Protein chains: 2
Amino acid sequence: MPTNKTDHLVYVVDDDFAVCDSLSLLIQATGYRVKGFHSAQEFLDNYDNKIPGCLILDVRMQPMSGLELQDKLLAQKIEIPIIFISGHSRVLDSSKAFRSGAIDFLEKPFDNEILLVRIEEAIQKNIENRTQNFEHEIIQQRIESLTLREKDVLICVIKGFSNKEIAILMGISHRTIEKHRGTIMLKMQVQQFSELMILLKEILI
Amino acid sequence: MPTNKTDHLVYVVDDDFAVCDSLSLLIQATGYRVKGFHSAQEFLDNYDNKIPGCLILDVRMQPMSGLELQDKLLAQKIEIPIIFISGHSRVLDSSKAFRSGAIDFLEKPFDNEILLVRIEEAIQKNIENRTQNFEHEIIQQRIESLTLREKDVLICVIKGFSNKEIAILMGISHRTIEKHRGTIMLKMQVQQFSELMILLKEILI
DNA sequence: GTCTATATGGGTAGTGATACTCATATATTT
DNA sequence: AAATATATGAGTATCACTACCCATATAGAC
């Protein structure tokens with residue numbers, strides 16, 4: 001789908017005011033919405049989970065470093081792609097950042113063009129993540145709307161058991177299974193059995 | 001499944017003979033099979049794709065650097081997890097390595113214990129990759145065994161069309177669709193429709 | 001020219017699933 | 001006490017799928 005750059009928010013977090021401001025201006029000039037912060041805590045206090053975007057993050061900051069913020073975000077399951085920027089950093093920091101899922105780790109001074117490319121990549125990734133999480137939530141909600149008995153039947157249906165087989169397994173009439181199965185299709189909002197399988201493909205065995 | 005360390009092969013590639021030999025000994029002592037090489041080309045000439053394992057790779061080598069070897073392996077679609085080791089390296093190299101899929105990037109001198117943990121991680125990843133690739137190949141082979149007409153019918157079946165609907169779509173009798181469908185189930189080696197969907201879940205829409 | 005694979009079409013019988021209708025029992029909520 | 005949700009069971013009719021059987025036509029391989 002076509003996305004508008006103004007729909008996306010790029011956070012810039014750097015305790016160096018000059019860097020933070022100039023980067024913010026640069027990124028803003030390419031059309032993105034930008035919010036600049038001078039500390040990790042400020043970012044945490046102002047982060048808005050509803051808007052897709054990414055985070056340009058300085059590694060060395062006090063009292064909370066960029067790497068510590070990354071850990072905190074991971075612990076809180078906040079999925080915002082991070083592009084680290086660093087003045088005089090070590091390979092060890094870079095490894096730590098990447099192994100924790102960073103998009104990139106750029107040393108100052110870096111080519112602005114590369115940063116912009118990485119921002120594009122990061123935002124795309126964030127959008128995909130959000131789309132997938134959203135779809136998973138929808139499906140999860142539908143599953144939660146099933147009763148315990150219906151969930152049992154659903155599992156058997158997915159495994160390929162016929163209604164009669166399920167009836168024997170559960171020790172009840174196949175007519176009851178038929179009724180449960182009908183309710184499952186209603187609550188899962190699908191018409192065909194194949195739709196049900198496609199809906200559940202991420203969760204499947 | 002339980003795996004034996006001797007079933008896995010750790011390649012060590014470093015043009016520093018002392019490092020290569022001592023690392024090989026260390027890794028061998030923990031139970032893995034090890035092959036040491038002193039150049040990227042030597043590794044390429046001796047790499048055996050049949051054995052699960054990983055690659056400990058020095059960054060700076062002549063004439064082919066570790067990063068160049070990584071690119072070459074990617075281009076040739078050789079999926080062996082790489083743990084880079086480096087004497088005096090730059091963050092830029094580290095970023096390049098990680099963005100190309102490296103498991104880790106360790107600066108010498110590094111903690112041997114960490115290397116061994118990363119080797120374990122890398123080999124696990126390689127085994128998972130191989131298992132998945134193998135399963136995909138099996139499924140792909142079964143799909144290839146279908147005739148063109150059967151593939152057409154399969155696509156419609158997955159989409160949830162009934163035999164009669166497919167018959168109308170393709171302008172032929174529903175009896176022929178039934179025959180195709182039977183052959184599809186035979187060739188795909190499944191009994192239930194749900195099995196077919198589960199088999200194809202990775203490929204699905 | 002025969003053999004094989006592919007694609008086509010049909011009959012019949014059995015099994016499976018769905019869509020209606022009807023009904024009862026229990027537990028929880030209001 | 002009445003209403004709702006959950007779980008249970010059945011009758012009947014219709015539709016969908018499978019498994020047998022039968023058959024024909026065409027293209028390519030040997």
Side-chain angles (χ1 to χ4, degrees), chain A residues 136-205, chain B residues 136-205:
Chain A
H136 278 182
E137 259 175 56
I138 299 275
I139 297 168
Q140 206 55 50
Q141 276 173 20
R142 292 185 193 167
I143 292 176
E144 291 315 318
S145 77
L146 300 179
T147 66
L148 287 175
R149 211 63 167 153
E150 285 159 2
K151 283 181 195 171
D152 289 342
V153 174
L154 175 59
I155 291 169
C156 294
V157 167
I158 287 171
K159 283 183 181 168
F161 291 111
S162 73
N163 290 349
K164 280 188 185 174
E165 287 170 325
I166 300 170
I168 293 167
L169 276 171
M170 295 177 62
I172 53 179
S173 160
H174 74 278
R175 308 311 307 269
T176 306
I177 305 297
E178 284 171 13
K179 180 143 296 186
H180 285 322
R181 190 162 175 158
T183 315
I184 289 169
M185 298 296 276
L186 263 179
K187 288 186 177 176
M188 295 304 289
Q189 297 176 36
V190 290
Q191 270 74 53
Q192 264 73 38
F193 177 60
S194 67
E195 282 182 70
L196 181 68
M197 295 297 287
I198 290 169
L199 208 65
L200 298 176
K201 76 174 147 98
E202 312 277 357
I203 305 159
L204 285 179
I205 309 162
Chain B
H136 277 183
E137 259 176 54
I138 299 273
I139 297 167
Q140 206 55 50
Q141 276 173 19
R142 292 187 192 165
I143 291 177
E144 291 314 320
S145 77
L146 299 179
T147 65
L148 287 176
R149 211 64 167 151
E150 285 159 3
K151 283 179 195 170
D152 289 342
V153 173
L154 175 59
I155 290 169
C156 293
V157 166
I158 288 170
K159 284 182 182 170
F161 290 110
S162 73
N163 291 350
K164 281 188 185 174
E165 287 170 326
I166 300 170
I168 293 167
L169 276 171
M170 295 177 62
I172 52 179
S173 161
H174 74 279
R175 306 310 306 271
T176 306
I177 305 297
E178 284 171 13
K179 181 143 295 184
H180 285 322
R181 191 162 175 158
T183 315
I184 289 169
M185 298 296 277
L186 264 178
K187 289 186 178 176
M188 296 302 290
Q189 297 176 37
V190 290
Q191 270 74 51
Q192 264 73 37
F193 177 61
S194 68
E195 281 182 70
L196 180 68
M197 295 297 286
I198 290 169
L199 208 65
L200 298 175
K201 75 175 147 85
E202 312 278 357
I203 305 160
L204 285 179
I205 311 161

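Note on naming: letters A, B, ... go to the chains in the order of the sequence lines (proteins, then strands), and numbering restarts at 1 for each one. Computation of the quantities below employed the complete heavy-atom set of this structure, encompassing side-chain atoms and omitting hydrogens, waters and symmetry-equivalent molecules. Quantities reported herein were computed from a predicted structural model and do not represent experimental measurements.
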Qualifying residue, where the test is side chain to side chain donor-acceptor pair (under 3.5 Å) with A:N163 and the options are A:R181, A:H174, A:H180:
A:R181
So does [X] get a side-chain nitrogen or oxygen closer than 4.0 Å to the phosphate oxygens (OP1/OP2) of [N]?
| X | N | result |
| --- | --- | --- |
| A:R149 | D:dT8 | yes |
| A:H180 | D:dT8 | yes |
| B:N163 | D:dC17 | yes |
| A:S173 | D:dT8 | no |

Bend across the helix from C:dG1-D:dC30 to C:dT30-D:dA1, to 10°, with axes taken over 5 pairs at each end?
40°
Considering only NZ, NE, NH1 and NH2 on the basic side and carboxylate oxygens on the acidic side, decide whether [X] and [Y] come within less than 4.0 Å.
| X | Y | answer |
| --- | --- | --- |
| B:R175 | B:E178 | yes |
| B:E137 | B:R142 | no |
| B:E144 | B:K151 | yes |

Check every atom of D:dT18, C:dG16, D:dA16 against the side chain of A:S162 and return the nucleotide holding the closest atom.
C:dG16
Taking [atom1] from [X] and [atom2] from [N], how many angstroms apart are they, rounded to a whole number?
| X | N | atom1 | atom2 | answer |
| --- | --- | --- | --- | --- |
| A:I168 | D:dG9 | CD1 | C1' | 16 Å |
| A:L148 | D:dT6 | CG | P | 10 Å |
| A:I172 | D:dA7 | CD1 | C1' | 8 Å |
| B:L146 | C:dA5 | CG | P | 16 Å |
| A:F193 | D:dA16 | CZ | C1' | 14 Å |
| B:D152 | C:dT6 | CG | C1' | 13 Å |
| A:I177 | C:dT15 | CD1 | P | 20 Å |
| B:F161 | D:dA16 | CZ | P | 14 Å |

Nearest heavy-atom approach of B:E165 to B:G160 is OE1-O, 4.2 Å
Would you mind reporting whether B:E195 and B:I198 have side-chain heavy atoms less than 4.5 Å apart?
no
Position toward the 5' end of DNA chain D (nearest nucleotide), B:Q191 or B:K179
B:Q191
Can you work out whether A:R175 or A:T147 has the more 5'-proximal nearest nucleotide on DNA chain D?
A:T147
Looking at residues at least two apart in the chain, or sitting in another chain, which of them share a side chain to side chain donor-acceptor pair (under 3.5 Å) with B:S173?
none
Remember a base hit wins even if backbone is also touched, and classify A:K164 as base, sugar-phosphate or nothing at under 4.0 Å, heavy atoms.
sugar-phosphate
